[in-house]
Each structure stands twice: as structure tokens, then as C-alpha cells.
Amino acid sequence: MILASLFLLSQSLVMPTASQQLKVLQVGKTPNGFNGPAYGWSSFGMSVHSPTFEMNESSIIQQCDVLSSTLGNNYPYCNLDAGWTGPTDNFGRIMYNKILNLPDLANHLHSRGLCLGVYVVPGALKADAKKTIYGTDVTIGQVCSGTEGLARCVFNYSRPEVQQWHNSVVAQFASWYVLKIRGDSHIYTCLLAVSRGVDLIKLDYVTPGSPPPPGKQSKLPANQSEAVIAYHKAIENSGRQMRLDISWQLDLSEPSFAIWNQNADSMRVDSDIINYQGSTLTTWKAIQRAIDNYRNWTIAALDLPFALNIYADLSSLAVGNNETLAGVNATQQQTIMTHGIASGSNLILDSDLTQLDGSLSHSLLLNASVLQLADFTARYPMQPRNPGTGGQDAKQLQAWIAGPSEDSRAVVVIANYGPDQGQGGFNTSLRGQQQVTVSWTDLGISGCWQVRNAWTDEIEGRMDTNISVLLGEGESVLLDLTYVGLSSRVGTCGFAVRAGKFMSRFLFQTPG
């Protein structure tokens, strides 16, 4: 049974105050049966930025072997973005190109405990109008007309042959090789003892959503949400468990959100954060925008009258390469990872895995103390709680809380995003280090909590009033909180505050 997404915990943990009362954001099992987001790698960043990268089997294997050899299968999804397809088959079904043999690639990945993802867009190719849909006597042209804007026609989803086309496409994805492997129940694996063919479908250019660049008009149909429903039904009919991830910057109105929530496993909250205008993979400006769009997603999710069964997707993230390649420094990359983990978002890397910065990538991508929080935030994604008010506005100095859970745990993020570079939503320009103070009232909690710094895995102390932390531009902290008990006026909660190097950085304040 799927639990309700929004609920109030007992009075001892969640408190009504002058700040906005806290509703706990919770995600249940997704429509395709997953209990967590996808972690892995996408070819998109390399396709855009690497002059030597080709969408062939050798290049993909070179990148994705790192997922198992260096990253220990913590990021198992090897996702092929645009560029993997070739001419369709005699039934108009999507096929791989001549230099990329997907059955062989699936075999290779699955033998290493990895998963295969592919990229598609709505519609069939207009050039395939005379091809007969597999299992029918109807041609594509009889049920698909007009233009979708990407050399594709727009399906008439009222025709049953349209669902049959989707069924045949996904069934073929599933048929691309079969190999038995030993698996486990970790939320980031393929979750199958028998893994075959494709494990994830990314459906791009979904509308309502997928907005055109500023000043441009969209050539996409106003509403392609039925494509999401059709692919979901096709996955169900295939008998295989596959993820369906939909993109991009999707409409958050209740009717649209209901469709996404009932059919997909994750939904993009932003456009691409890839840097199309320069030599680096991304920019801090784009990261600020993605975080603000995630904030908007949480606000919409908290207002839904139904249980939340879908994960956010902040877009592919440039983490693990040096600043020259990534476009963001080590501090900013840690903040990216902090938000990726705490939001319960898909965490798909856009990085060049063959050029990982050894110590940096290890500390960011393989930090066991941080990764173990992912199981918690997969169920309880973070939401904004403005320092000083507990509101949900965009702020340069921001706080977030995930949970608290019924077993008395919460995750808190405190951040200084630096001056707004034009898309952060907060429109302030505070320079340098800033002292950021967030109270229990702001967070909507009460009582005594033990605080652990997730990145250092150090217990910082017990506290019952607030946290004040000094943060530079682009810097954040990720805190794991465990409820200890009710506050004491004599301040016994605060006696356990740890002394040491962080005392000048963290100021844990208790009642006097």
C-alpha cells in the first residue's frame, strides 16, 4: 500500500509556530515499482563537449566501465542520450545505429551489474508513414499526422494501434539480449535477477513543459502527455521492470502533475544545465536555476491532493572533474552533490568519467556517510524553509529539511548560493562568507536533536534551538539529525556539543 505523501508527525517532533507549519514531503513506490531515484551517467555532456567522443560501443564502454571499476556500482545506470538511434525497422520501430550494437552493449553492462538506459521522444518518424505497425494491418500514417517538430508526426492516441506501436517498441527494447546476473535490493540497481535489454527510457520533449528558449516559439504540440501514458502502458505490457524518466521542465499544474505521477518514475524540474555557450560542462548560474526550479517543484508537490509517487530530476550533473572541465569548483560541486542527495533526485552524471579528479571524485561520489542518506531522502525529499521565517521563498542564504520521519530522523541542508547570477530567483548579491542561522522554529521542529555532519561523518553535538554556520559563496552543509528527546530548561541537551575544529564554524546555541 502506498503511503500518503503529506502528513504531520507527532507534536514532539513537528511544531506549529509563527513560522509556516511543516508538512512532511514523502514519496511512495513509483508507477513502475521503484523505491528510489536512478544514479548513473549520461552520454549527453560528452556528446556536447568532447570533440573525440563518438556514440559508439567502444566510447560508451570506456565511460561506463568506470561506473563499476572505480565507482563500485553506486551509479549503475549507463544512459545513452540523443544520437544512439539509426534507421527504424520495417515496422517503424526505433533501432540502434550501425556503430552501436545495443544487444552486445546490454550484455557487457549487465555482466558488470550495470543498467542500460536509452533516449526517445514522442511520435513516430514522418518518413515511416507507409510502414505497417507491428501486429496490425494499419500504417503509421493512418494514425499519426502533422508535425511534432522533430521530424516526427503526432499520434492520434484514441486509436488502439498507437498503443500497439508503443508496445512493440518497448518489447523490442526489452528483447535486446538476455543475461542472468546476481542482484540485490539496493534502490540504485536494476532490481532484477534477470536483466535484459533496456532498463530505463528517458522520454524527452514532453509537453505541457519543454518550454522554448526566451524569444522563441515552440514547434512542439501543446500537450504530449498521452505519450507518457502510452510508454508507461507499454512498459507494463512488456513484463519487464523499466524506469520511465520524463523531460524537461514539466508543467506543475495539478492535472499535469497527476499524469506524471501516475505514469513516470521521475520528472525533470529544469531545462538542461549543460553549458552550450562555453567549453565547460556547466555553470554556477545554471545550478542556481536548477535549485530554484526544484524549490518550485516542492511547493507544487506539497499542495497535491494525492500521494506523491514520482521523483524530481534536477538534470544531469557535472561532478567529479576538475574545475577547468566541469565549470564549477570543488566547493560548488559538493553543494551540487548535497542538493542531489537531499532532494531525492535522480543523480545522473554528465562528467567525463575517464578524467575523474581522483581525490575530488572519490570524496564527492563515494562518500559512504553521504550515500547512506540517499535511502532516507529517497523517501523524504527536502523542502525549503527560509532562515528567519520558515517560508518557501527563493533565498541566497537558504535552509532545507527532509523529514522528519516517523522514526525520528531528519536531514537538514544550509547553503549560501552566492550572488544571484541571473536565474537563482533570489535577486540578492551578498559577497564573501555569510553567517547563516536557522532555528528549530524555522525548520518546523522541536526538541533535542543529535547533529551529524554527513560529509565529515562527525557528531557535532546535541542541540535544541538553532544552528548558525559560516558559509562562503557556493558552500553548504549537509546535516543528519536524530531526535534525542524533549528540550530541558537546564540545557542538558546542549552539554554534548563537540569541541574542536568546527566550533569556530558551527555555533550550536542552547537555552541560557
**Student:** Do Leu304 and Phe257 come within less than 4.5 Å of each other through their side chains, counting heavy atoms only?
**Tutor:**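 Side-chain contact under 4.5 Å: yes.
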**Student:** Keeping Asp480 on the side-chain end and Ala454 on the backbone end, is there a donor-acceptor pair under 3.5 Å?
**Tutor:** no
**Student:** For residues Thr30 and Arg243, is any side-chain donor paired with an opposing acceptor at under 3.5 Å?
**Tutor:**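 There is no such pair (donor and acceptor under 3.5 Å, judged by atom type) between the side chains of Thr30 and Arg243.
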**Student:** Would you say the SG of Cys78 sits less than 2.5 Å from the SG of Cys115?
**Tutor:**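 Cystine link not detected, SG atoms outside the 2.5 Å cut.
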**Student:** Going from OG on Ser361 to CG on Leu71, what distance comes out if it is rounded to the nearest 0.5 angstrom?
**Tutor:**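 Separation between the atoms: 7.0 Å.
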**Student:** Under 3.5 Å, is there a donor-acceptor pair between the His108 and Asp65 side chains?
**Tutor:**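 There is such a pair (donor and acceptor under 3.5 Å, judged by atom type) between the side chains of His108 and Asp65.
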**Student:** Measure across Ala342 and Leu478 and return the closest heavy-atom pair with its distance rounded to 0.1 Å.
**Tutor:** CB-CD1, 4.3 Å
**Student:** Arg268 and Ser247: side-chain donor and acceptor closer than 3.5 Å?
**Tutor:** yes
**Student:** Begin from the C-alpha positions of Thr482 and Gln450 and carry the test side chain to side chain donor-acceptor pair (under 3.5 Å) through to its verdict.
**Tutor:** CA-CA 5 Å; Thr482 303; Gln450 179 172 275; 5.2 Å; no
**Student:** Do side-chain atoms of Asn466 reach the backbone of Val438 as a donor and acceptor pair under 3.5 angstrom?
**Tutor:** no
**Student:** Taking all atoms of both residues into account, what is the closest heavy-atom pair of Val436 and Pro387, and its distance?
**Tutor:**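 Where Val436 meets Pro387 most closely, the heavy atoms are CG1-CG, 4.2 Å.
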**Student:** Work out which heavy atom in Ile287 is nearest to a heavy atom in Ile273; give both atom names and the distance.
**Tutor:**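 Heavy atoms only, the tightest pair is CD1-CD1, 3.6 Å.
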**Student:** Check the pair Val413 / Val477 against side chain to side chain contact (heavy atoms under 4.5 Å, CB included), numbers first and verdict last.
**Tutor:** CA-CA 6 Å; Val413 173; Val477 291; over 6 Å; no
**Student:** Say whether, by atom type as modelled, one donor and one acceptor occur between the side chain of Gln433 and the main chain of Leu471 under 3.5 angstrom.
**Tutor:**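 No.
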**Student:** So how far is it from His49 NE2 to Leu281 CG, rounded to the nearest 0.5 Å?
**Tutor:**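 His49 atom NE2 to Leu281 atom CG measures 5.5 Å (nearest 0.5 Å).
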**Student:** Would you check, one step at a time, whether the test salt bridge (charged side-chain N to carboxylate O under 4.0 Å, His left out) holds for Arg295 with Asp292?
**Tutor:** CA-CA 5 Å; Arg295 180 187 64 85; Asp292 191 48; 2.7 Å; yes
**Student:** Are Pro31 and Leu244 packed together at the side-chain level, in the sense that at least one heavy-atom pair is separated by less than 4.5 angstrom?
**Tutor:** no
**Student:** At their closest point, which heavy atom of Cys448 faces which heavy atom of Asp464, and how far apart are they?
**Tutor:**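 Taking every non-hydrogen atom into account, CA-CB, 4.0 Å.
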**Student:** Check whether any side-chain N or O of Arg240 sits under 3.5 Å from a backbone N or O of Val198 as a donor-acceptor pair, and report yes or no.
**Tutor:**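 Yes, the answer is positive, given that a donor and an acceptor are paired below the 3.5 Å cut-off.
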**Student:** Would Tyr417 and Trp284 count as a close aromatic pair, with their ring centres under 6.0 Å?
**Tutor:** no
**Student:** Is a donor on one side and an acceptor on the other found under 3.5 Å between the side chain of Trp400 and the backbone of Ile414?
**Tutor:** no
**Student:** Using modelled atom types and a 3.5 Å cut-off, is there a donor and acceptor pairing between side-chain atoms of Asn261 and backbone atoms of Ala258?
**Tutor:** no
**Student:** Tell me if a side-chain donor or acceptor on Asn416 pairs with a main-chain N or O of Gly472 at a distance below 3.5 Å.
**Tutor:**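 Such a contact is found between Asn416 side chain and Gly472 backbone.
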**Student:** Could you give me the CA-CA distance, side-chain angles and deciding distance for Gln63 and Asp352, then say whether side chain to side chain donor-acceptor pair (under 3.5 Å) is met?
**Tutor:** CA-CA 7 Å; Gln63 292 286 332; Asp352 184 347; 2.9 Å; yes
**Student:** For Asp199 and His110, run side chain to side chain contact (heavy atoms under 4.5 Å, CB included): C-alpha distance rounded to whole Å, both residues' side-chain angles, the deciding distance at 0.1 Å, then the answer.
**Tutor:** CA-CA 10 Å; Asp199 303 290; His110 292 149; 2.8 Å; yes
**Student:** Roughly how far, to the nearest 0.5 Å, is the CH2 atom of Trp41 from the CG atom of Asp350?
**Tutor:**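 Here the rounded value is 8.5 Å.
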**Student:** Does the side chain of Leu443 reach to within under 4.5 Å of the side chain of Val412, using non-hydrogen atoms?
**Tutor:**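 SC-SC contact between Leu443 and Val412 confirmed.
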**Student:** Drop me the distance from Ile341's CD1 to Leu371's CG, to the nearest 0.5 angstrom.
**Tutor:** 5.5 Å
**Student:** Describe, in one word, how the ring planes of Tyr294 and Trp297 are oriented to each other, choosing from parallel (under 30°), tilted (30 to 60°) and perpendicular (over 60°).
**Tutor:** parallel
**Student:** To the closest 0.5 Å, what do you measure between CD (Gln249) and CG (Asp313)?
**Tutor:**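 Reported to 0.5 Å precision, the distance equals 12.5 Å.
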**Student:** Could you name each residue pair satisfying side-chain hydrogen bond (donor to acceptor under 3.5 Å, both in side chains) that touches residues 327-337, not counting sequence neighbours?
**Tutor:**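 Found Thr335-Ser476.
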**Student:** Would you verify whether the NZ or CZ of Arg409 falls within 45 degrees of the ring axis of Tyr483 while also being under 6.0 Å from that six-membered ring's centre?
**Tutor:** no
**Student:** Do Val411 and Leu479 have side chains that approach each other closer than 4.5 Å (heavy atoms only, starting at C-beta)?
**Tutor:**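 Contact flag for Val411/Leu479 side chains = no.
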**Student:** Going from CG on Leu481 to OG on Ser408, what distance comes out if it is rounded to the nearest 0.5 angstrom?
**Tutor:**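 The OG atom of Ser408 is 11.5 Å from CG of Leu481, to the nearest 0.5 Å.
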**Student:** Report the C-alpha separation of Gln398 and Phe426 in whole Å, then their side-chain angles, then the decisive distance to 0.1 Å, and conclude whether the side chain to side chain contact (heavy atoms under 4.5 Å, CB included) test is met.
**Tutor:** CA-CA 10 Å; Gln398 184 67 288; Phe426 47 84; over 6 Å; no
**Student:** Would you mind reporting whether Arg379 and Val27 have side-chain heavy atoms less than 4.5 Å apart?
**Tutor:**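 Sidechains of Arg379 and Val27: no contact.
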**Student:** Using atom types as modelled and distance alone, determine if a side-chain donor or acceptor of Thr282 lies under 3.5 Å from a backbone N or O of Ile274.
**Tutor:** no
**Student:** For Asn32 and Asp265, does a side-chain donor sit closer than 3.5 Å to a side-chain acceptor?
**Tutor:**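 Indeed, the side chains of Asn32 and Asp265 share at least one donor-acceptor pair under 3.5 Å.
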**Student:** Is the closest side-chain donor-acceptor distance between Asp251 and Ser256 under 3.5 Å?
**Tutor:**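 The answer is yes; a qualifying pair exists.
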**Student:** Do the side-chain N and O atoms of Asn275 and Thr280 include a donor-acceptor pair separated by under 3.5 angstrom?
**Tutor:**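 Present: a donor and an acceptor within the cut-off.
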**Student:** Any non-hydrogen side-chain atom of Arg385 less than 4.5 Å from a side-chain atom of Ile445?
**Tutor:** no
**Student:** Please name the pair of heavy atoms, one in Trp455 and one in Leu364, separated by the smallest distance, quoted to 0.1 Å.
**Tutor:**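 Residues Trp455 and Leu364, closest heavy atoms: CH2-O, 3.8 Å.
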**Student:** Does any donor atom in the side chain of Ser266 or Asn346 lie under 3.5 Å from an acceptor atom in the other side chain?
**Tutor:**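 Per modelled atom types, Ser266 and Asn346 side chains form a pair under 3.5 Å.
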**Student:** Would you say Phe306 and Gln262 make side-chain contact, with heavy atoms under 4.5 Å?
**Tutor:**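 Sidechains of Gln262 and Phe306: no contact.
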**Student:** For residues Thr298 and Pro384, report the shortest heavy-atom separation together with the two atoms involved.
**Tutor:**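 So the minimum-distance heavy-atom pair works out to OG1-CD, 3.2 Å.
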**Student:** Would you confirm whether Trp440, through its side chain, and Trp449, through its main-chain N or O, come within 3.5 Å as a donor-acceptor pair?
**Tutor:** no
**Student:** Taking it one step at a time, do Leu349 and Leu347 satisfy side chain to side chain contact (heavy atoms under 4.5 Å, CB included)?
**Tutor:** CA-CA 6 Å; Leu349 305 175; Leu347 215 166; 3.9 Å; yes
**Student:** Could you tell me if the side chain of Ile60 sits less than 4.5 Å from the side chain of Ser43, heavy atoms only?
**Tutor:**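 They are in side-chain contact.
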**Student:** Spell out, as yes or no, whether a donor-acceptor pair under 3.5 Å connects the side chain of Asn263 to the backbone of Ile259.
**Tutor:**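 Yes, Asn263 side chain to Ile259 backbone: donor-acceptor pair under 3.5 Å.
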**Student:** Are Asn79 and Ser42 close enough that a side-chain donor and a side-chain acceptor fall under 3.5 Å?
**Tutor:**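 There is no such pair (donor and acceptor under 3.5 Å, judged by atom type) between the side chains of Asn79 and Ser42.
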